[in-house]
Amino acid sequence: MEKKNCLILALDVTDRENALRIANEVSEYVDSIKVGYPLVLGEGLGIVKELAELAPVIADFKVADIPNTDRLICEQVFKAGADAVITHGFTGRDSLDSCVKVAEEYGRDVYVVTEMSHPGGVEFFRPVAETIAQMAADAGATGVVAPATRPERVRDIRKIIGNDLHIISPGVGAQGGSAADVINAGADWVIVGRSIYNSDSPADAAMKICNDMKC
Ligand code: C5P
(Lines give C-alpha, C1' and ligand atoms only; values in the text may rest on other atoms or scores of the structure.)
Protein backbone atom coordinates (compact mmCIF):
# COMPACT_ATOMS: atom_id res chain seq x y z
CA MET A 1 0.00 0.00 0.00
CA GLU A 2 1.38 3.35 -0.99
CA LYS A 3 1.71 5.87 1.85
CA LYS A 4 0.07 9.18 0.95
CA ASN A 5 -2.32 10.19 3.72
CA CYS A 6 -1.59 7.56 6.44
CA LEU A 7 -5.34 6.96 6.70
CA ILE A 8 -7.27 3.70 6.21
CA LEU A 9 -11.06 3.79 6.20
CA ALA A 10 -12.75 1.01 8.23
CA LEU A 11 -15.91 0.65 6.20
CA ASP A 12 -18.12 -1.14 8.73
CA VAL A 13 -21.45 -0.27 7.15
CA THR A 14 -23.61 -3.16 6.06
CA ASP A 15 -25.16 -2.08 2.77
CA ARG A 16 -23.66 -1.57 -0.67
CA GLU A 17 -25.24 1.80 -1.39
CA ASN A 18 -23.85 3.46 1.74
CA ALA A 19 -20.53 1.68 1.35
CA LEU A 20 -19.99 2.96 -2.19
CA ARG A 21 -21.26 6.46 -1.36
CA ILE A 22 -18.90 6.84 1.60
CA ALA A 23 -15.96 5.22 -0.18
CA ASN A 24 -16.41 7.58 -3.15
CA GLU A 25 -16.65 10.62 -0.87
CA VAL A 26 -13.43 9.84 1.02
CA SER A 27 -11.35 8.07 -1.63
CA GLU A 28 -9.01 11.04 -2.13
CA TYR A 29 -8.12 11.06 1.60
CA VAL A 30 -7.58 7.35 2.24
CA ASP A 31 -4.75 5.05 1.19
CA SER A 32 -6.86 1.93 1.62
CA ILE A 33 -10.33 0.73 2.55
CA LYS A 34 -10.66 -1.94 5.25
CA VAL A 35 -13.63 -4.24 4.77
CA GLY A 36 -14.70 -6.75 7.38
CA TYR A 37 -17.50 -9.11 8.32
CA PRO A 38 -20.25 -6.47 8.66
CA LEU A 39 -20.11 -5.40 5.02
CA VAL A 40 -19.16 -8.75 3.47
CA LEU A 41 -21.86 -10.61 5.39
CA GLY A 42 -24.31 -7.89 4.42
CA GLU A 43 -23.47 -7.68 0.73
CA GLY A 44 -21.24 -10.61 -0.21
CA LEU A 45 -17.59 -10.80 -1.15
CA GLY A 46 -18.29 -9.14 -4.53
CA ILE A 47 -18.24 -5.75 -2.78
CA VAL A 48 -14.45 -6.11 -2.50
CA LYS A 49 -14.01 -5.82 -6.27
CA GLU A 50 -16.24 -2.74 -6.47
CA LEU A 51 -14.34 -0.99 -3.67
CA ALA A 52 -10.98 -2.02 -5.10
CA GLU A 53 -11.70 0.27 -8.04
CA LEU A 54 -11.57 3.21 -5.61
CA ALA A 55 -8.69 2.17 -3.33
CA PRO A 56 -6.75 -0.96 -2.33
CA VAL A 57 -8.88 -3.13 -0.05
CA ILE A 58 -7.71 -4.71 3.21
CA ALA A 59 -9.88 -7.72 4.09
CA ASP A 60 -10.21 -7.71 7.87
CA PHE A 61 -11.29 -11.30 8.45
CA LYS A 62 -8.93 -11.80 11.40
CA VAL A 63 -8.13 -15.19 9.97
CA ALA A 64 -7.60 -17.67 12.82
CA ASP A 65 -7.75 -21.32 11.82
CA ILE A 66 -5.64 -24.34 10.96
CA PRO A 67 -3.15 -23.81 8.12
CA ASN A 68 -5.25 -25.51 5.45
CA THR A 69 -8.39 -23.51 6.26
CA ASP A 70 -6.35 -20.31 6.46
CA ARG A 71 -4.95 -21.08 3.01
CA LEU A 72 -8.43 -21.54 1.58
CA ILE A 73 -9.69 -18.31 3.18
CA CYS A 74 -6.73 -16.25 1.94
CA GLU A 75 -7.07 -17.64 -1.58
CA GLN A 76 -10.73 -16.58 -1.70
CA VAL A 77 -9.90 -13.15 -0.31
CA PHE A 78 -7.16 -12.47 -2.85
CA LYS A 79 -9.18 -13.91 -5.75
CA ALA A 80 -11.95 -11.49 -4.76
CA GLY A 81 -9.57 -8.59 -5.37
CA ALA A 82 -8.33 -7.73 -1.87
CA ASP A 83 -4.87 -6.25 -1.68
CA ALA A 84 -4.24 -7.46 1.86
CA VAL A 85 -5.66 -9.66 4.59
CA ILE A 86 -5.63 -9.29 8.38
CA THR A 87 -4.92 -12.47 10.31
CA HIS A 88 -4.61 -13.41 13.93
CA GLY A 89 -1.29 -14.69 15.20
CA PHE A 90 -2.36 -16.64 18.28
CA THR A 91 -3.13 -19.69 16.12
CA GLY A 92 0.62 -20.20 15.74
CA ARG A 93 3.44 -19.96 13.26
CA ASP A 94 2.22 -22.71 10.94
CA SER A 95 -1.13 -20.98 10.44
CA LEU A 96 0.54 -17.63 9.81
CA ASP A 97 3.06 -19.22 7.44
CA SER A 98 0.15 -20.55 5.42
CA CYS A 99 -1.33 -17.05 5.00
CA VAL A 100 2.05 -15.51 4.14
CA LYS A 101 2.68 -18.22 1.53
CA VAL A 102 -0.63 -17.54 -0.24
CA ALA A 103 0.00 -13.79 -0.07
CA GLU A 104 3.40 -14.26 -1.69
CA GLU A 105 1.86 -16.37 -4.45
CA TYR A 106 -0.65 -13.61 -5.19
CA GLY A 107 1.75 -10.72 -4.52
CA ARG A 108 -0.42 -9.41 -1.70
CA ASP A 109 0.04 -8.32 1.94
CA VAL A 110 -0.59 -9.85 5.36
CA TYR A 111 -1.10 -7.87 8.57
CA VAL A 112 -1.12 -9.69 11.91
CA VAL A 113 -3.11 -8.54 14.96
CA THR A 114 -0.78 -8.10 17.95
CA GLU A 115 -3.14 -6.51 20.47
CA MET A 116 -6.70 -5.33 20.01
CA SER A 117 -7.75 -1.73 20.55
CA HIS A 118 -10.80 -2.16 22.79
CA PRO A 119 -10.55 -2.38 26.63
CA GLY A 120 -10.84 -6.19 26.55
CA GLY A 121 -7.81 -6.23 24.27
CA VAL A 122 -5.53 -6.18 27.32
CA GLU A 123 -7.08 -9.28 28.96
CA PHE A 124 -5.54 -11.98 26.82
CA PHE A 125 -3.54 -10.17 24.16
CA ARG A 126 -1.21 -7.96 26.15
CA PRO A 127 0.93 -10.78 27.59
CA VAL A 128 1.46 -12.29 24.13
CA ALA A 129 1.52 -9.18 21.93
CA GLU A 130 5.32 -8.90 21.78
CA THR A 131 5.68 -12.60 20.96
CA ILE A 132 3.11 -12.31 18.18
CA ALA A 133 4.86 -9.21 16.82
CA GLN A 134 8.19 -11.06 16.74
CA MET A 135 6.53 -14.02 15.02
CA ALA A 136 5.00 -11.71 12.41
CA ALA A 137 8.47 -10.34 11.65
CA ASP A 138 10.04 -13.83 11.52
CA ALA A 139 7.27 -15.13 9.24
CA GLY A 140 7.72 -12.32 6.73
CA ALA A 141 4.37 -10.61 7.26
CA THR A 142 3.92 -7.14 5.79
CA GLY A 143 3.00 -5.61 9.11
CA VAL A 144 1.01 -5.74 12.31
CA VAL A 145 -2.15 -4.25 13.76
CA ALA A 146 -1.52 -2.39 17.04
CA PRO A 147 -3.86 -0.25 19.17
CA ALA A 148 -4.17 3.52 18.68
CA THR A 149 -5.93 3.54 22.04
CA ARG A 150 -2.57 2.71 23.67
CA PRO A 151 0.20 4.55 21.78
CA GLU A 152 2.75 3.30 24.30
CA ARG A 153 2.03 -0.21 23.07
CA VAL A 154 2.61 0.90 19.49
CA ARG A 155 6.00 2.18 20.64
CA ASP A 156 6.76 -1.17 22.35
CA ILE A 157 5.77 -3.12 19.27
CA ARG A 158 7.77 -0.86 16.95
CA LYS A 159 10.88 -1.66 19.02
CA ILE A 160 10.32 -5.35 18.39
CA ILE A 161 9.54 -5.31 14.68
CA GLY A 162 11.99 -2.56 13.69
CA ASN A 163 11.33 -0.54 10.56
CA ASP A 164 10.86 -3.37 8.07
CA LEU A 165 7.25 -4.07 9.03
CA HIS A 166 4.39 -1.61 8.88
CA ILE A 167 2.06 -0.81 11.75
CA ILE A 168 -1.60 -0.14 11.00
CA SER A 169 -3.48 1.18 13.99
CA PRO A 170 -7.22 1.19 14.76
CA GLY A 171 -8.91 2.89 17.69
CA VAL A 172 -8.83 6.56 16.64
CA GLY A 173 -11.88 8.71 17.37
CA ALA A 174 -14.82 6.56 18.48
CA GLN A 175 -12.57 4.36 20.65
CA GLY A 176 -10.75 7.41 22.05
CA GLY A 177 -7.35 7.30 20.36
CA SER A 178 -5.64 10.30 18.76
CA ALA A 179 -4.37 9.95 15.18
CA ALA A 180 -1.46 12.35 15.71
CA ASP A 181 -0.36 10.60 18.94
CA VAL A 182 -0.25 7.15 17.42
CA ILE A 183 1.56 8.31 14.27
CA ASN A 184 4.11 9.99 16.57
CA ALA A 185 4.39 6.71 18.46
CA GLY A 186 5.45 4.89 15.30
CA ALA A 187 2.32 3.80 13.44
CA ASP A 188 2.40 4.06 9.65
CA TRP A 189 -1.35 4.27 9.14
CA VAL A 190 -4.36 4.89 11.35
CA ILE A 191 -7.57 2.95 10.72
CA VAL A 192 -10.72 4.98 11.30
CA GLY A 193 -14.31 3.81 11.03
CA ARG A 194 -17.21 5.39 12.90
CA SER A 195 -15.69 8.90 13.14
CA ILE A 196 -15.76 8.99 9.35
CA TYR A 197 -18.69 6.87 8.19
CA ASN A 198 -21.10 8.17 10.86
CA SER A 199 -20.19 11.80 10.15
CA ASP A 200 -22.58 14.09 8.27
CA SER A 201 -19.66 14.76 5.97
CA PRO A 202 -17.32 11.75 5.74
CA ALA A 203 -15.00 13.69 3.42
CA ASP A 204 -14.63 16.56 5.92
CA ALA A 205 -14.06 14.11 8.76
CA ALA A 206 -11.37 12.28 6.79
CA MET A 207 -9.73 15.54 5.72
CA LYS A 208 -9.62 16.73 9.33
CA ILE A 209 -7.91 13.54 10.49
CA CYS A 210 -5.33 13.89 7.68
CA ASN A 211 -4.68 17.50 8.68
CA ASP A 212 -4.31 16.52 12.36
CA MET A 213 -1.72 13.88 11.52
CA LYS A 214 0.32 15.90 9.01
CA CYS A 215 1.78 12.60 7.87
O1 C5P B 1 -15.23 2.55 14.28
P2 C5P B 1 -13.79 2.42 14.69
O3 C5P B 1 -12.92 3.54 14.19
O4 C5P B 1 -13.63 2.13 16.14
O5 C5P B 1 -13.31 1.10 13.88
C6 C5P B 1 -12.12 0.42 14.15
C7 C5P B 1 -11.98 -0.72 13.17
O8 C5P B 1 -10.77 -1.42 13.41
C9 C5P B 1 -13.08 -1.76 13.25
O10 C5P B 1 -13.29 -2.25 11.93
C11 C5P B 1 -12.50 -2.85 14.13
O12 C5P B 1 -13.05 -4.10 13.82
C13 C5P B 1 -11.05 -2.79 13.72
N14 C5P B 1 -10.05 -3.30 14.66
C15 C5P B 1 -9.89 -2.80 15.93
N16 C5P B 1 -8.92 -3.30 16.77
C17 C5P B 1 -8.09 -4.26 16.31
C18 C5P B 1 -8.23 -4.76 15.02
C19 C5P B 1 -9.22 -4.24 14.20
O20 C5P B 1 -10.63 -1.87 16.33
N21 C5P B 1 -7.10 -4.68 17.05
Side-chain angles (χ1 to χ4, degrees), residues 1 5-14 18-19 22-23 26 29-43 47-48 51 55 57-64 77 82 84-91 96 99 109-130 132-133 136 141-154 156-158 161 165-183 185-199 202 205-206 208-210 212-213:
M1 155 170 55
N5 296 311
C6 302
L7 176 60
I8 298 169
L9 170 67
L11 194 51
D12 294 326
V13 296
T14 54
N18 258 325
I22 294 162
V26 307
Y29 301 110
V30 302
D31 294 343
S32 177
I33 299 171
K34 185 177 81 66
V35 170
Y37 291 113
L39 183 54
V40 168
L41 292 176
E43 289 293 352
I47 192 75
V48 169
L51 291 168
V57 171
I58 300 176
D60 184 3
F61 292 145
K62 298 192 179 70
V63 182
V77 162
V85 69
I86 293 179
T87 74
H88 270 304
F90 63 76
T91 40
L96 178 57
C99 295
D109 292 329
V110 174
Y111 295 93
V112 184
V113 178
T114 57
E115 182 174 315
M116 295 194 69
S117 53
H118 63 310
V122 299
E123 286 178 34
F124 296 102
F125 265 111
R126 176 162 290 175
V128 295
E130 275 91 348
I132 291 175
T142 314
V144 299
V145 187
T149 44
R150 295 184 285 278
E152 73 283 4
R153 296 295 292 151
V154 171
D156 294 341
I157 291 194
R158 176 57 80 199
I161 62 173
L165 269 69
H166 292 143
I167 298 180
I168 60 176
S169 188
V172 167
Q175 295 184 59
S178 143
D181 287 355
V182 76
I183 291 290
D188 295 286
W189 281 274
V190 295
I191 301 173
V192 185
R194 285 165 287 181
S195 302
I196 295 176
Y197 67 72
N198 281 340
S199 162
K208 187 172 177 318
I209 294 164
C210 291
D212 285 351
M213 286 189 290

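Indexing begins at 1, ligand by ligand and atom by atom, following the structure's order.
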query = What's the shortest heavy-atom distance between V77 and A59, and which atoms?
reply = CG1-CB, 3.5 Å
query = Is the backbone N or O of L39 less than 3.5 Å from a side-chain atom of T14, with the two atoms forming a donor-acceptor pair by type?
reply =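 It does not hold such a pair.
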query = Just by distance, do the side chain of R158 and the backbone of G186 share a donor-acceptor pair under 3.5 Å?
reply =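 Such a contact is found between R158 side chain and G186 backbone.
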Shell of residues surrounding ligand 1, defined by a 4.0 angstrom heavy-atom cut-off that is strict =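 Within 4.0 Å of ligand 1, protein side: A10, D12, K34, D60, K62, E115, M116, S117, V145, P170, V172, Q175, V192, G193, R194.
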ask   = Relative to each other, are the rings of F61 and Y37 parallel, tilted or perpendicular (30° and 60° limits)?
value = tilted
task = Under the salt bridge (charged side-chain N to carboxylate O under 4.0 Å, His left out) rule, collect the residues that match up with R150, sequence neighbours excluded.
result =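 R150 satisfies salt bridge (charged side-chain N to carboxylate O under 4.0 Å, His left out) with E115 once adjacent residues are dropped.
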The single option from I22, V35, V192 passing side chain to side chain contact (heavy atoms under 4.5 Å, CB included) against L9 = I22
